[in-house]
Amino acid sequence: MAKIAVVGSYGVGLTVELDRVPDAGETVIGRSFRIDHGGKGSNQAIGAARLGARVDFLTAVGDDTFGQSAGSLWQTEGVHAEIVVTSAATMTAPIFVEPGGENRIVVVPGALEQLSPAHVDAFSDRIAAADVCVVQLEIPVWTALYALEVAAAAGVRTILNPAPAPAEPIAPACDYVTPNESEAPSVAGAQATFVRTLGDRGADLDGELVPAFPATVVDTTGAGDAFTAAFAFALADGLDERQAVRWGCAAGAHMVEHAGVVPGLPTRAQLERRLASLPV
Ligand code: RIB
């Protein structure tokens, strides 16, 4: 069984669908509002578990209603969560989605700011037992980089999804980075294999284009999470890099056809059907 460790965020997405985002000083009327489970770490952990991996997940939440509701989500999804409960609020993420499906996200990390290297140390046995360790940047950058170091020292393959882009460029040492086009400059100095996600064009694997799967876009939120989860799963399951990127592209295509992130993470059967729809 593929084994994946994820060190990252849980948060609640506060999604507004609207015709267009307001300009400064302007008020616009939205079309709908919903509250969803989210956070890039949790999304990627659930994505990998849904494909069949054993997933161990380290995160932090607040001692509040949002934090309390997360435990049952991970139980339902079969994710083994190590939850640090802090005095700060659970992460929230206001998300604005325009009619074309394009999203704009504001992350308020709250409890995640307290996720520290000491918490990673306490989780290090689970990292060492994994085939692949996946980290994103909704947690403090030093904690994310430390988790990658701990994994590498244990001989575990490492993936950094540099989302959101850090305020200052970083040069992480890891096996793979999976930025989108806006995030790529912030990790340009990484000593890693680059897998750049290119939206409806697919992904670039160190200069080689892996084409996208056709999709009818409803909401692009979570496409990067679905990609990274499926890419990590495929690597942990023994596929080669190019095949793993194809899995990522297929998962991203599945995601954009759904409103909300958790409902858009494919099962293995759904992913395999999409892979078969576009022969290599
Ligand atoms: O990548 C999408 C995710 O970013 C959403 O689930 C939201 O919670 C933010 O973390």
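Just so you know, ligand 1 is whichever comes first in the structure, and atom 1 is the first atom listed for that ligand. Residue numbers count from 1 along this sequence.
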Consider every N or O of Asp225 and every N or O of ligand 1, then say whether any pair is closer than 3.5 Å. yes
Which pair of heavy atoms, one from Ala5 and one from Phe123, lies closest together, and at what distance? CB-CE2, 4.4 Å
Above 12 or not: heavy atoms from other molecules or residues under 6.0 Å from CD of Glu272? yes
Number the atoms of ligand 1 from 1 as they appear, then name those within less than 4.0 Å of a heavy atom of Gly38, with their elements. 6 (O), 8 (O)
Residue and atom name of the nearest protein heavy atom (relative to atom 10 (O) of ligand 1), distance in Å to one decimal: Glu138 OE2, 2.7 Å
Is there a path of hydrophobic side-chain contacts, each under 4.5 Å between heavy atoms of I/L/V/M/F/W/Y residues, joining Tyr176 to Leu239? yes
Note the single closest protein heavy atom to atom 6 (O) of ligand 1, along with its residue, its atom name and the distance in Å. Asn43 ND2, 2.9 Å
Could you check atom 4 (O) of ligand 1 against the protein and tell me its nearest heavy-atom contact, residue, atom and distance included? Lys40 NZ, 3.1 Å
Ligand-side contact atoms (ligand 1) for residue partner Met91, heavy atom cut-off under 4.0 Å: 8 (O), 10 (O)
Any donor-acceptor pair under 3.5 Å linking the side chain of Glu183 with the backbone of Asn180? yes
Test of proximity, His37 against ligand 1: N or O pairs below 3.5 Å: no
Ligand 1 contact on Val12 by region, counting heavy-atom pairs under 4.0 Å: neither
Looking only at distances, please establish whether an N/O atom of ligand 1 is found under 3.5 Å from an N/O atom of Gly39. yes
Which of the listed options, Ser9, Ala93, Ala226, Gly8, holds the heavy atom that is closest to atom 7 (C) of ligand 1? Ala93
Can you tell me how far CH2 of Trp74 sits from CD of Glu82, rounded to the nearest 0.5 angstrom? 11.0 Å
Can you tell me how far apart CG (Asp206) and CZ (Arg242) are? Round to the nearest 0.5 Å. 13.0 Å
What's the separation between atom CG in Asp131 and atom CZ in Arg54, rounded to the nearest 0.5 Å? 12.0 Å
